Amino acid sequence: MSAQSPDHRQSQKAPLARADILRALIPHATHLVVAQLDAFAARLANAFFAASEQVGDAREANLNFNSGQLLKNNGYAFYYLCSADIQAAFRKEIQALSSISSANSLPTKPQSERVEQQDIALTLVSYEEMDKKLAFGRASRSLELSSAEQLAALSMRLACIIGIDSLSITQNPFRPEFFLRVVHASWCKFNPDTNTHPLILPLLRGDILFDLSPIFQALNEFLVYQGILPDLHESYRIKKTENPGSSQFGKKDFSQKLKQIFSEKTPSETSSNDANDQQKICQTGRQRDQQQHDQQFSASGQSKQQETDTRLFHYLENLQKTMAIHQLVAGAQDVIRLSQMREQMPELASGNSVEKTTLDLLSKIFDTVFHNPSIPSQIKELIGVLQIPVLKAALIDKEFFFQDTHPARRMIDLLTQQSVAWDQSKGHADPLFQAMQRNVSRVQNEFDQQMSLFDEVVSDLENFVAKEDESNTQALQEPIKRALQKEKFKQANIVANNEVALRVGTGEVVAFVESFLENRWTKVLTLAYSVQEDKPHAVTDAIKTMDDLIWSVKPKITLPQRQELLNRLPAILARLNKWLSLIKWEDADRIQFFADLAECHASIVRSPLELSPEKQLEIAVEAAQIAAERRLEKRAQAEAQELEKQHAEDDYVDVAADETADVVANLERGIWLQFTKKNGDSHKARLAWVSPMRSLYIFTTSQKEKSFSLAVKELEQTFREQRAEILMLDKLVDRALSEALEEHAEQEIESTN
């Protein structure tokens, strides 16, 4: 069902003429968006289910649940409808963009005329439309901020195509609000129930909607390939990898700061050039200057690589052998660190050379690894063996610091990420440890100056990890199946209670039937909803039986009404008995219920006929009064229960409760946590699976055959009691480089003072 995004580098042999570029964007952008529709529909369905569980209003909960079911069962129809709407909308937006240039050359209307037209337009906007516009605005601003750099770069390139100085966000055909409005319009067509149309608005969030960043990135790359502003300022340059951020350096500055350190460029020069670049970003002269600067930097780097002293590498090779022997004798408890080798490497540790900078940064990276308490000492020993080979790799290729996809850098990240997955009870016999040791030994023994070796060992490790993950997933199929069934039954119970509450909330149902519906028929409805996918008519029959029962105990004051009761009663009782047998209600209470029901029906049939209008009015008023009193009583009971629940929550929920819930809600599969029991014992576990409603989390340990699950409330409480901690093993190299840049900036400030 999913569409695959075409590779423009293969599909086109030469850049298009500028007149055709805008038209070419339509199919390209459509493919990029449609490829994400399946995943988006699944997330949206789960969001509807979650909303049905969270909202307090029974009617709204039912609408949310039914919307989720509709989307889940008719995914292809939504995919087909939405993909067609997206393509048509792109065509309109691109057409409007093409007309901007010519529109700018036309004489503008007088200010008074424009104001008058605006006033007329405002008077025609309904409050509902204004609320919708505000909702779209809030959601789109959040999405704009998360992809601000790439969206700004895309606006600049589109402006350059149509020949204007700048293009606002509202004029950009690919603005986030465009996606929000198209999806909302498609939903309104897909689900004709107008009551559900407002429900989707709060669900069009960044974590549910499409991932816009890769879409913007691919569109920018397409335009760069077509020769549209290929040399934008570094702040808007396309990010092929996610560089680390920090409190001081944002992602857009990270690469620039590193380049500044290696090129020995002063901050004042950088600031001056940055300001000049921003002012002349669309001018040909600026592009040529920037291109020359990049070429000079590249040439400088290549010359430094070529001029690296052969004796230095010979020295490092000898040091590598000596270091391996030392670690073989000393073991993991005495790993030699790069930061301790400075005195042994005077050619690297002295002066202010690029080589010294390389050594300083790598020392910081490996020290971060060695200081991390979550990494076992035996794995640190393996990583320590890589210090000299990685140093040689970084001296040869400075892209180690700029690209997190660099093979030597991926090797370190992979070892740190998988270190906690090592089953220490098996020791060196664990297959994962053997795979790590085999590949580290290969780098230690074979690496000279060929980066392809790092690619090979990383691929080998990644393939091993992928096979292990697949095996673990297969082992978890049974607990996942049970968890899904449990969650499905829980959701069915929520909807069942909502259905009953809608009927008994009026106060018009007689007391014993109301009690029966709340205590017994909710179980019948829960069963019916839980098998709805296989038996779609079960819910209809269970609800009709409930409604018929409620009708049967209402007063019948005319002969035709009583005759209808007598005619329908056998079928109603038969369906009641069938459903009650399915939930296995066989005790004495069932006999008593049917006895009470028979007495109620008999009293209805035996009551006097041909009541006067005054008597009928009196009975109706009395019934309405009783119903009102019961409604007030039930409302008071519900408020008292809610207040009691709130007090109970206040007793143990601290001010950080919301933050704790956010932490748990944002946990992703694959992350490792350390759990501490109340007796002080601790163990590490990997989040292997999260249920669609995020109500259950399944964890595995390094001993793959062991797994356990935690309900969301239980996991939140564990975090709240500080007995759960996220292990920071991901992107360790990124964080080390970020800290190194902060330290470098602080040193610059101190030196200037």
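For clarity, every value in this text was computed on a predicted model and none was experimentally measured.
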Which salt bridge (charged side-chain N to carboxylate O under 4.0 Å, His left out) pairs, counting each pair once, include a residue from residues 86-100, with sequence neighbours left out? Glu93-Arg175

I want to check something: taking the side chain as every heavy atom from C-beta on, are [X] and [Y] in contact at a cut-off of under 4.5 Å?
X	Y	value
Ile698	Leu687	no
Val34	Leu37	yes
Asp211	Phe216	no
Val712	Val664	yes
Leu209	Leu44	no

Which atoms form the tightest heavy-atom contact between [X] and [Y], and what is the distance?
X	Y	result
Leu167	Ile162	CD1-CD1, 4.2 Å
Thr196	Ser67	CG2-OG, 3.6 Å
Val183	Cys82	CG2-SG, 4.4 Å
Val495	Asn62	CG1-OD1, 3.7 Å

Less than 6.0 angstrom separating the ring centers of Phe90 and Phe174, yes or no? yes

In this structure, are over 12 heavy atoms from other groups packed under 6.0 Å from [X] atom [atom1]?
X	atom1	result
Gln95	CD	no
Gln722	CD	no
Glu668	CD	no

Looking at [atom1] of [X] and [atom2] of [Y], how far apart are the two atoms once the value is rounded to the nearest 0.5 Å?
X	Y	atom1	atom2	answer
Glu725	Phe675	CD	CZ	11.0 Å
Leu223	Leu25	CG	CG	5.5 Å
Thr522	Met546	OG1	CE	10.0 Å
Trp187	Leu81	CH2	CG	11.0 Å
Leu484	Trp689	CG	CH2	4.0 Å
Leu151	Ser155	CG	OG	5.0 Å

Step by step, work out the side-chain contact (heavy atoms from CB on, under 4.5 Å) result for Val513 and Val504. CA-CA 9 Å; Val513 173; Val504 303; over 6 Å; no

Going by the angle between their ring planes, with limits at 30° and 60°, are Phe512 and Phe593 parallel, tilted or perpendicular? tilted

Pair Ile726-Leu667, side-chain contact (heavy atoms from CB on, under 4.5 Å): steps then yes or no: CA-CA 9 Å; Ile726 299 174; Leu667 291 177; 3.8 Å; yes

Establish, from distance only, whether the side-chain atoms of [X] and [Y] form a donor-acceptor pair under 3.5 Å.
X	Y	result
Arg59	Asn195	yes
Tyr529	Glu499	yes
Thr526	Asn493	yes
Arg720	Gln717	yes

Could you give the side-chain donor-acceptor pairs of residues 537-545 under 3.5 Å, partners two or more places apart or in another chain?
unit_1, atom_1, unit_2, atom_2, d
Asp541, OD2, Lys578, NZ, 3.4
Asp541, OD2, Trp579, NE1, 2.7
Lys544, NZ, Asp548, OD2, 3.0
Thr545, OG1, Asp541, O, 2.8
Thr545, OG1, Arg575, NE, 2.9

Set out, in order, the CA-CA distance, both residues' side-chain angles and the distance that settles side-chain contact (heavy atoms from CB on, under 4.5 Å) for Leu219 and Gln150, then state yes or no. CA-CA 9 Å; Leu219 291 175; Gln150 294 177 355; over 6 Å; no

Under a 4.0 Å N-O cut-off, is there an ion pair linking Arg205 with Asp207? yes

Ring pair (Phe, Tyr, Trp, His ring centres under 6.0 Å) with Phe49: which residues, sequence neighbours excluded? Phe65

Derivation of the side-chain contact (heavy atoms from CB on, under 4.5 Å) call for Leu580 and Trp521: CA-CA 8 Å; Leu580 294 176; Trp521 206 253; 4.2 Å; yes

